[in-house]
Asker: 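Sharing a structure, written as structure tokens. Questions coming.
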Amino acid sequence: MKKILLFFTLFAFVVTISAQNIQTHYDFGKDRGFVTTTVEMFKPDKLGNTFFFIDFDYGIPGHDFMSNAYFEIARVMTIKKSAWGIHGEYNGGFGKIANVDGYFSVNNAWLGGVDYSWNAKDFSKGFSLKLLYKEIQKKQSSFQLTGVWYVNFAKGKMSFTGFADFWKEDSDFNFDGKTDATYTFLAEPQLWYNINGHFAVGSEVELSNNFAGMEGFNVMPTLGVKWTF
């Protein structure tokens, strides 16, 4: 309960103070059928940029109403105003197992490494590539490769955004103490139609391999709305 209150307090704080956009998605992938809300912020400054997002899942079949929460925050410090930067990141959260009392913690992860970013002069498109060392709590040291992109087109009426992560993490899907997979891939491309400067409708597709307890490759589409402040 304390973790739930902490996440909702943080959620209320960032919405009030500095959230850049709020998204609501309905996930209609196989065995899914639940709602996710996302609070997201990206803020550049003279020294680099800060990014965070918080995901809340509601109504996962067989779970309580508030089912999962996940948080990431990252900071990039630019190296002498170049395209290169030093990246630091923290990931964590908690979730609910169906028909089991209490919540479990998502293993905390700390990441650090280098970032290369490029933006068009008019900021109509850009990307970032990251090579990171990853330390996962209660698991082995690892690495992660991350790509992030955005493209605004059709005179700004359409936006194609997203990220892709590839990292090393031993996974035991059968809970028998044996490693069933060693590498994990996750990508979440989004396509938005911008109705105006604040409101957009669109879709996200989660493409994953050996992620979040799901063995093998999975495709999880959503329909969503987004409000940008």
Side-chain angles (χ1 to χ4, degrees), residues 7 11 14-15 19-43 51-63 65-74 91 93 95-96 106 117-120 122-130 144-167 184-229:
F7 268 85
F11 174 82
V14 296
V15 169
Q20 192 174 51
N21 72 71
I22 297 177
Q23 304 174 24
T24 299
H25 293 264
Y26 178 75
D27 191 321
F28 54 93
K30 182 180 178 182
D31 301 323
R32 308 278 272 195
F34 60 84
V35 173
T36 298
T37 57
T38 299
V39 178
E40 185 178 73
M41 186 201 78
F42 175 79
K43 186 176 182 179
F51 171 79
F52 73 75
F53 76 86
I54 306 172
D55 278 349
F56 292 100
D57 296 331
Y58 308 92
I60 295 177
H63 295 64
F65 172 71
M66 224 319 263
S67 304
N68 294 315
Y70 181 74
F71 173 66
E72 289 190 8
I73 184 167
N91 307 335
K96 183 72 170 64
V106 175
S117 297
W118 175 87
N119 296 282
D122 60 358
F123 291 97
S124 62
K125 54 184 173 291
F127 68 86
S128 177
L129 299 175
K130 307 170 190 291
Q144 180 168 304
L145 302 175
T146 293
V148 182
W149 70 87
Y150 71 92
V151 180
N152 299 315
F153 59 101
K155 297 182 179 180
K157 298 300 291 184
M158 300 293 298
S159 297
F160 178 54
T161 65
F163 73 88
D165 292 331
F166 175 76
W167 71 94
T184 300
F185 172 80
L186 174 66
E188 293 185 357
Q190 296 183 344
L191 183 64
W192 296 101
Y193 174 71
N194 302 307
I195 295 175
N196 54 44
H198 296 285
F199 186 64
V201 296
S203 176
E204 174 184 279
V205 181
E206 179 185 293
L207 307 171
S208 68
N209 193 63
N210 301 324
F211 175 70
M214 298 181 295
E215 188 171 9
F217 184 74
N218 291 275
V219 178
M220 304 293 179
T222 76
L223 290 176
V225 294
K226 178 172 67 172
W227 181 266
T228 301
F229 292 86

Asker: Sub-3.5 Å donor-acceptor pair from the side chain of Tyr193 to the main-chain atoms of Met158, do we have one?
Answerer: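 No: the side chain of Tyr193 does not pair with the backbone of Met158.
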Asker: Main chain of Glu204, side chain of Thr222: is a donor-acceptor contact present, judged purely on distance under 3.5 Å?
Answerer: yes
Asker: Measure across Asn194 and Ser159 and return the closest heavy-atom pair with its distance rounded to 0.1 Å.
Answerer: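 Minimum heavy-atom contact is ND2-OG, 3.0 Å.
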Asker: Working to the nearest 0.5 Å, report the span between OG of Ser208 and CZ of Phe217.
Answerer: 7.0 Å
Asker: Donor-acceptor pair, Gln20 side chain versus Phe42 backbone, under 3.5 Å?
Answerer: yes
Asker: Is a side-chain donor or acceptor of Ser203 paired with a backbone partner of Leu223 at a separation under 3.5 angstrom?
Answerer: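 No: the side chain of Ser203 does not pair with the backbone of Leu223.
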Asker: Once you measure the plane-to-plane angle for Phe53 and Tyr70, does it fall in the parallel (<30°), tilted (30-60°) or perpendicular (>60°) bin?
Answerer: tilted
Asker: Just do the side-chain contact (heavy atoms from CB on, under 4.5 Å) check on Asn68 and Asp55 with the steps written out, would you?
Answerer: CA-CA 8 Å; Asn68 294 315; Asp55 278 349; over 6 Å; no
Asker: Would the distance check show the side chain of Asn210 and the main-chain N or O of Gly216 forming a donor-acceptor pair, the cut-off being under 3.5 Å?
Answerer: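 Such a contact is found between Asn210 side chain and Gly216 backbone.
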Asker: Would you call Glu206 and His25 a side-chain contact if the rule is heavy atoms closer than 4.5 Å?
Answerer: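 No, too far: nothing below the 4.5 Å cut-off.
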Asker: I'd like to know whether NZ of Lys43 has more than 12 heavy-atom contacts from other residues, nucleotides or ligands below 6.0 angstrom.
Answerer: no
Asker: Measure the spacing between NE2 of His198 and CG of Asn21 and express it to the nearest 0.5 Å.
Answerer: 12.5 Å
Asker: Has the side chain of Lys130 got a donor or acceptor atom that lies under 3.5 Å from a matching backbone atom of Gly147?
Answerer: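 Side chain of Lys130 to backbone of Gly147: no pair is present.
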